[in-house]
Trainee: 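Dropping the structure in here first, questions after.
Order of the sequence lines fixes the chain letters, A, B, ..., with proteins taken first and strands second; residue numbering starts at 1 for each chain.
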Number of protein chains: 2
Amino acid sequence: MKLSTKGQYGVKAMYDLALHYGEDPIPLKKIAERQGISEYYLEQLIGILRREGFVKSMRGSQGGYILADDPSNIMVGDILNILEGPIEISDCIDDREVNECSKVNYCATRLIWVKIKNAIDDVVNSISLQDMVNDYKLLCEKNKDLIKKESE
Amino acid sequence: MKLSTKGQYGVKAMYDLALHYGEDPIPLKKIAERQGISEYYLEQLIGILRREGFVKSMRGSQGGYILADDPSNIMVGDILNILEGPIEISDCIDDREVNECSKVNYCATRLIWVKIKNAIDDVVNSISLQDMVNDYKLLCEKNKDLIKKESE
DNA sequence: ATAATCCCGACTATTTAACTCGGATATTCT
DNA sequence: AGAATATCCGAGTTAAATAGTCGGGATTAT
């Protein structure tokens, strides 16, 4: 059970843009380099994100991409939903079992997939790009302190 | 983002066995029919579950499968882990970015995949086969009441 | 003996993931 | 104007995983 790289790459790229929000547009090449992703492949993914309105593009020399909105308004879940498709764990319609409960249109396992889906949604819809940036900066601070102490 | 059918089929089959726990062994053919799964395909899956000690098999005529343990001791997570493999959402080692935080061995997105994994684990490790059976029986009761009222 | 059933390994077809590429279009800089 | 830099678009490729199929052997109740 695993996520595809689409979602991973998409979140990484968007996070990279979030780190530079408010600055000049970032060309894809830079993002791909920094995040260790194939540039050509990322091109496809960011194309999707652009069409969905999550990033804006500037063509031509000095062009690149910027976030279409404030990082605090973009949730990880938004990105994953678009790149991975909605979480459709099961297309479960199980009605063959004609027994004492025959009238029940019910798949015993369906509830489990629903619970899993909800749990994932809760997580990814609660984390914004800004949260990720904050976490990163916090870690940097801690690290600086650590280096400082080491050199004392 | 979706689960493979392996996990779905496996849970369905185990649930079927749980419904008949304590009775005679159930042949694979019955399970496959009732749950709407290819018998040959299910054969592979249940083979894995047998080797891992989750079900016991009886060969020969009147043979079949039974749960190796009480349904309350078998968690949905156990089944999924074996059939889908552990949840390895990302094999994220991202250390290329040499900037002001260069000493930090840290992947910005890693925390997200960890959180997702934990959320899924929490769900599937909290649901036993017995829970599923209870849910089903509860639903049957409700349904009976409903039919009763309708006929009044 | 025979029918039912598990057991095992190999085979195949389909789909998906993960890239790769060629060339068109737009923009800036010199 | 022209070169360089980028986005934009669609198509092609490769490799792996998924899902399913099959043949035949071993075991056991009737």
Trainee: Reckon B/Gly63 touches a base, only the sugar-phosphate, or nothing at all at heavy-atom distances under 4.0 Å?
Mentor: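 Touches sugar-phosphate only.
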
Trainee: Looking at D/dT21, does its base get a donor-acceptor pair with the side chain of B/Gln44 below 3.5 Å?
Mentor: yes

Trainee: As a test of reading the structure: which of D/dG20, D/dT7, C/dC6 is closest to the side chain of A/Tyr65, going by heavy atoms?
Mentor: D/dT7

Trainee: Side-chain N or O of B/Ser61 versus OP1/OP2 of C/dT2: is the shortest distance under 4.0 Å?
Mentor: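 The answer is no; no side-chain N or O of B/Ser61 sits under 4.0 Å from OP1 or OP2.
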
Trainee: For D/dT21, does OP1 or OP2 lie under 4.0 Å from any side-chain N or O of B/Ser38?
Mentor: yes

Trainee: Write down the distance between CD (A/Glu33) and P (D/dA6), rounded to a whole number of angstrom.
Mentor: 11 Å

Trainee: Could you pick out which residue, B/Lys29 or A/Gln62, lies toward the 5' side of DNA chain C when each is mapped onto its nearest nucleotide?
Mentor: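 On the 5' side of the pair lies B/Lys29.
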
Trainee: Quick one: is D/dA19 close enough that its OP1 or OP2 comes under 4.0 Å of any side-chain N or O from B/Tyr9?
Mentor: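 So the side chain of B/Tyr9 is outside the cut-off, no N or O lying under 4.0 Å from OP1 or OP2 of D/dA19.
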
Trainee: For a quick check of understanding: with a heavy-atom distance under 4.0 Å over all strands, which category does A/Gly64 fall into, base, sugar-phosphate or nothing?
Mentor: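 Here A/Gly64 touches the backbone only, sparing every base.
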
Trainee: Check whether A/Ser128 reaches the backbone of A/Asp131 with its side chain - one donor and one acceptor, N or O, closer than 3.5 Å.
Mentor: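 Checked: pair present.
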
Trainee: Please give, in whole Å, the distance from D/dA6 C1' to A/Asp24 CG?
Mentor: 14 Å

Trainee: Keeping the roles fixed (side chain from A/Glu84, backbone from A/Gly7), state whether a donor-acceptor pair exists under 3.5 Å.
Mentor: yes

Trainee: Using a cut-off of strictly less than 4.0 Å, decide whether A/Ser4 has a side-chain nitrogen or oxygen near OP1 or OP2 of C/dT16.
Mentor: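 So the side-chain polar atoms of A/Ser4 never come under 4.0 Å of the phosphate oxygens OP1 or OP2 of C/dT16.
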
Trainee: What is the distance from CD1 of A/Ile66 to P of D/dT7, rounded to the nearest Å?
Mentor: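 Distance check: A/Ile66 CD1 to D/dT7 P gives 13 Å.
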
Trainee: Please tell me whether A/Ile120 and A/Met75 are part of a single hydrophobic cluster in this structure, the criterion being side-chain heavy atoms less than 4.5 Å apart.
Mentor: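 No; tracing contacts between hydrophobic side chains, which count when under 4.5 Å, never links both residues.
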
Trainee: Rounded to the Å, how far apart are B/Arg51 CZ and C/dC8 C1'?
Mentor: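 Those two atoms, CZ and C1', are 8 Å apart.
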
Trainee: Hey, does the side-chain of B/Glu43 have a donor or acceptor N/O within less than 3.5 Å of a partner on the base of C/dC6?
Mentor: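 Result: no qualifying N/O pair found.
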
Trainee: Is a side-chain donor or acceptor of A/Gln35 paired with a backbone partner of A/Ala13 at a separation under 3.5 angstrom?
Mentor: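 Answer holds: no.
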
Trainee: Kindly say if A/Tyr40 contacts the phosphate of D/dC8, meaning a side-chain N or O under 4.0 Å from OP1 or OP2.
Mentor: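 No, because none of the side-chain N or O atoms of A/Tyr40 sits under 4.0 Å from OP1 or OP2 of D/dC8.
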
Trainee: For the backbone of B/Lys115 and the side chain of B/Asn118, can you confirm whether one donor and one acceptor N or O come within less than 3.5 Å of each other?
Mentor: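 It does not hold such a pair.
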
Trainee: Rounded to the Å, how far apart are A/Glu84 CD and C/dT16 C1'?
Mentor: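 Spelled out: CD on A/Glu84 to C1' on C/dT16 is 12 Å.
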
Trainee: Looking across every strand, which nucleic acid part, if any, lies under 4.0 Å from A/Ile46 by heavy atom: base, sugar-phosphate, or nothing?
Mentor: nothing

Trainee: For the side chain of A/Tyr41, starting at C-beta, report the closest nucleotide among C/dT20, D/dT18, C/dC6.
Mentor: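 Closest nucleotide to the A/Tyr41 side chain: C/dT20.
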
Trainee: Measure CD1/B/Ile48 against P/D/dT18 and give the value in whole Å, please.
Mentor: 11 Å

Trainee: Check the phosphate of D/dC8 against A/Arg50, side-chain N and O only, distance under 4.0 Å to OP1 or OP2. Yes or no?
Mentor: yes

Trainee: Taking donor-acceptor contacts at under 3.5 Å, does the side chain of B/Arg59 reach the base of D/dA26?
Mentor: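 Yes.
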
Trainee: Could you give the NZ-to-P distance, from A/Lys56 to D/dC8, as a whole number of Å?
Mentor: 13 Å

Trainee: Do side-chain atoms of B/Asp78 reach the backbone of B/Ile74 as a donor and acceptor pair under 3.5 angstrom?
Mentor: no

Trainee: Which whole-number value in Å describes the distance from A/Leu42 CG to D/dA6 P?
Mentor: 15 Å

